[in-house]
Amino acid sequence: MIRNKLFYGMWALLLGGVCFFRTDAFLLILLGLTLLLIPLSAAASRFLASNITILLEAESSTDGGNSAECRIRFRYNGILPFIMCRGQVLCENKLTADVEEIKCLAACAKGCDGHVSIQMKSKYCGKIEIKLEECMIWDSLGLIGFRKKCEEKKAVLMVPQAVDIDLTEEVVNIPDMEGIDYSEEKAGFDPSETFSIRDYKEGDRMKSIHWKLSYKLDRIMVRDPGLPVKNSTQILMETCFNAEDEERKRLADAVCAFTISLSELLVDAGTRHQLGWMDYKENVFRNYEINSADNLIEILGELLGTTAVSGSHSVNDKFYEETGCQGIPGLVIINHDRI
């Protein structure tokens with residue numbers, strides 16, 4: 001758009017110079033119309049900003065790839081024959097915290113749909129959050145533009161390629177047909193099984209409160225989850241690495257790929273298991289029960305969207321702080337040592 005303004009300025013100066021040395025009615029009218037273009041373009045651009053619809057579209061996921069496509073769609077219903085739009089898209093990989101800024105320019109004719117495609121690339125797997133916060137809307141001459149807030153947001157899951165794993169080399173328990181047994185003496189971490197329901201004690205977590213029962217009994221009741229004692233697998237994925245920035249990203253990518261592949265393998269074997277990790281940005285330990293491929297798909301967004309951090313924390317320590325359980329049967333910790 002700078003080139004358009006430069007040409008306009010040179011044209012106006014040229015006309016002004018000619019009119020200064022030569023009095024001609026036609027040239028004076030032409031100079032006046034040229035100078036009127038600025039306020040007319042400003043008024044038109046401000047009006048155009050309210051007559052255009054902007055949408056952001058993107059694929060929901062990519063399987064084993066490192067690129068994805070998103071599209072910015074424009075719908076214009078104004079008075080000018082066409083307009084120009086310039087957008088700025090921010091793409092952030094939530095796993096590695098990498099941010100890429102992509103600029104795009106598109107022309108949109110009156111009454112027609114216009115679009116521009118953007119190719120996103122990521123060296124590592126992760127949840128790519130795409131934001132289109134605002135666009136610049138320009139008149140047909142490209143002289144005056146106004147910002148239009150969009151606040152469009154999409155997410156694309158860059159799912160890692162599957163890793164070959166020999167299940168016989170992993171410390172996992174394949175359950176028999178009777179399923180999972182639970183301890184009758186100690187509470188645990190599995191929310192799908194209730195160990196006991198008791199009165200609230202100081203120090204109990206808010207999420208363990210049984211709200212419906214508390215309402216009925218008019219006092220606070222707490223539900224203790226069960227503790228699997230055999231035929232169960234607990235996978236813990238490390239999200240904190242004592243490494244420099246680029247090595248941290250590489251380790252996070254490799255750990256995610258190994259974790260997802262192992263969980264898929266256990267699902268194929270009919271093995272019910274728990275998959276947990278620490279979200280240090282939100283300071284939340286997440287632990288999910290995986291019974292089927294659908295369960296794994298449901299949590300991929302949270303798993304790939306958890307930012308890997310640098311440090312010396314251990315997911316095993318966080319698991320113990322959260323559940324009070326340590327050294328349980330079938331505990332698999334996926335960290336830099338395992339991959």
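These numbers come from the heavy atoms of this one structure, side chains and all, not from hydrogens, waters or symmetry mates.
For the residue pair Gln234 / Asn287, a side-chain donor-acceptor distance below 3.5 Å is found, with atom types taken as modelled. Looking only at atom types and distance, the side chain of Asp98 has a donor-acceptor partner in the side chain of Thr96 under 3.5 Å away. Looking only at atom types and distance, the side chain of Ser312 has no donor-acceptor partner in the side chain of Asn242 under 3.5 Å away.
With values rounded to the nearest 0.5 angstrom, Gln161 atom CD is found 9.5 Å from Asp253 atom CG. Here the CZ atom belonging to Arg223 is positioned 13.5 Å from the CG atom belonging to Asp204, to the nearest 0.5 angstrom. To the nearest 0.5 angstrom, Leu251 atom CG is 11.0 Å from Cys256 atom SG. Going from atom OG of Ser67 over to atom CD of Gln119 covers 5.0 Å, rounded to the nearest 0.5 Å. Rounded to the nearest 0.5 Å, atoms CD1 (Ile220) and OH (Tyr215) are 15.0 Å apart. To the nearest 0.5 Å, atom CG of residue Asn291 and atom OG1 of residue Thr271 are 10.5 Å apart.
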> Between Arg219 and Asp199, is a side chain to side chain contact (heavy atoms under 4.5 Å, CB included) present by the stated rule, with each step listed?
Replying inline: CA-CA 8 Å; Arg219 67 178 191 273; Asp199 288 320; 2.8 Å; yes
> Would Lys281 and Thr306 count as a side chain to side chain contact (heavy atoms under 4.5 Å, CB included) if you check the C-alpha gap in whole Å, the side-chain angles of each, and the deciding distance to 0.1 Å?
Replying inline: CA-CA 8 Å; Lys281 291 292 185 181; Thr306 298; over 6 Å; no
>> Using the rule given for side chain to side chain contact (heavy atoms under 4.5 Å, CB included), can you reason through Met158 versus Lys127, listing the C-alpha separation, both sets of side-chain angles and the distance that settles it, and then say yes or no?
In response: CA-CA 6 Å; Met158 295 280 195; Lys127 180 180 180 180; over 6 Å; no
>> Please evaluate residues Ile54 and Arg73 with respect to the criterion side chain to side chain contact (heavy atoms under 4.5 Å, CB included), reporting the C-alpha separation (whole Å), side-chain torsions for both, the decisive distance (0.1 Å), and the verdict.
In response: CA-CA 6 Å; Ile54 303 175; Arg73 292 197 174 275; over 6 Å; no
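When side chains are defined from C-beta on, Arg198 does not count as touching Met221, because their heavy atoms never get closer than 4.5 Å. The shortest side-chain heavy-atom distance between Val284 and Glu302 does not fall under the 4.5 Å cut-off. Counting heavy atoms from C-beta outward, Trp211 and Lys216 have side chains that stay 4.5 Å or more apart. Within the 4.5 Å cutoff, the side chain of Ile197 has heavy atoms near those of the His210 side chain. The side-chain heavy atoms of Leu90 and Leu132, taken from C-beta on, include no pair separated by under 4.5 Å.
Around atom OH of Tyr200, more than 12 heavy atoms belonging to other residues, nucleotides or ligands sit under 6.0 Å away.
Salt bridge status for Lys318 with Asp279: absent, with no side-chain N to carboxylate O gap under 4.0 Å. With respect to Lys131 and Glu129, a salt bridge is recorded, a charged nitrogen being found less than 4.0 Å from a carboxylate O. The pair Lys154-Glu57 fails the salt-bridge criterion, with no side-chain N (NZ, NE, NH1 or NH2) lying under 4.0 Å from an Asp/Glu carboxylate O. Of the charged side-chain nitrogens involved, at least one lies within less than 4.0 Å of a carboxylate oxygen, so that Arg248 and Asp245 count as a salt-bridged pair. Remark: Lys249 does not engage Glu247 in a salt bridge, criterion side-chain N to carboxylate O under 4.0 Å.
Using a 4.5 Å cut-off between side-chain heavy atoms of Ile, Leu, Val, Met, Phe, Trp and Tyr, with links allowed through other members, Ile334 and Phe241 fall into the same hydrophobic cluster. With hydrophobic clusters built from ILVMFWY side chains whose heavy atoms lie under 4.5 angstrom apart, Leu296 shares a cluster with Leu157. Under the 4.5 Å side-chain heavy-atom criterion for ILVMFWY residues, a single connected hydrophobic cluster contains both Ile290 and Val163. Residues Ile209 and Leu217 do not share a hydrophobic cluster, defined by chaining ILVMFWY side chains whose heavy atoms lie under 4.5 Å apart. When the side chains of ILVMFWY residues are joined at heavy-atom separations under 4.5 Å, either directly or via intervening members, Leu95 and Ile130 end up in two distinct hydrophobic clusters.
At distances below 3.5 Å, at least one donor-acceptor pair connects side-chain atoms of Glu152 with backbone N or O atoms of Leu56. A donor-acceptor pair under 3.5 Å is formed between the side chain of Thr259 and the backbone N or O of Val255. The closest donor-acceptor contact from the side chain of Thr233 to the backbone of His273 lies at 3.5 Å or more, if one exists at all. With hydrogens and angles disregarded, no donor-acceptor distance shorter than 3.5 Å links the side chain of Ser208 to the backbone of Val222.
For the side-chain contact (heavy atoms from CB on, under 4.5 Å) test with Leu236, the passing option among Leu275, Ile333, Asn335 is Ile333; the others fail. Partner of Cys91 under the side-chain contact (heavy atoms from CB on, under 4.5 Å) criterion, chosen from Val156, Ile128, Val99, Ile118: Ile128.
A tilted orientation is assigned to the rings of Phe319 and Phe285, their planes being inclined by 30° to 60°.
A pairwise comparison of heavy atoms in Ala243 and Ser310 identifies O-OG, 3.4 Å as the closest pair. For the residue pair Val267 and Ser292, the shortest heavy atom distance occurs at CG1-C, 3.7 Å. Contact between Lys103 and Gln88 at its shortest, heavy atoms only, is CE-OE1, 3.6 Å. Among all heavy-atom pairs drawn from Leu262 and Ile165, the shortest one is N-CD1, 3.5 Å.
A ring-centre distance under 6.0 Å is found for Tyr280 and His313.
Every ring-ring contact (aromatic ring centres under 6.0 Å, His included) that Tyr288 has, sequence neighbours left out, goes to Trp277.
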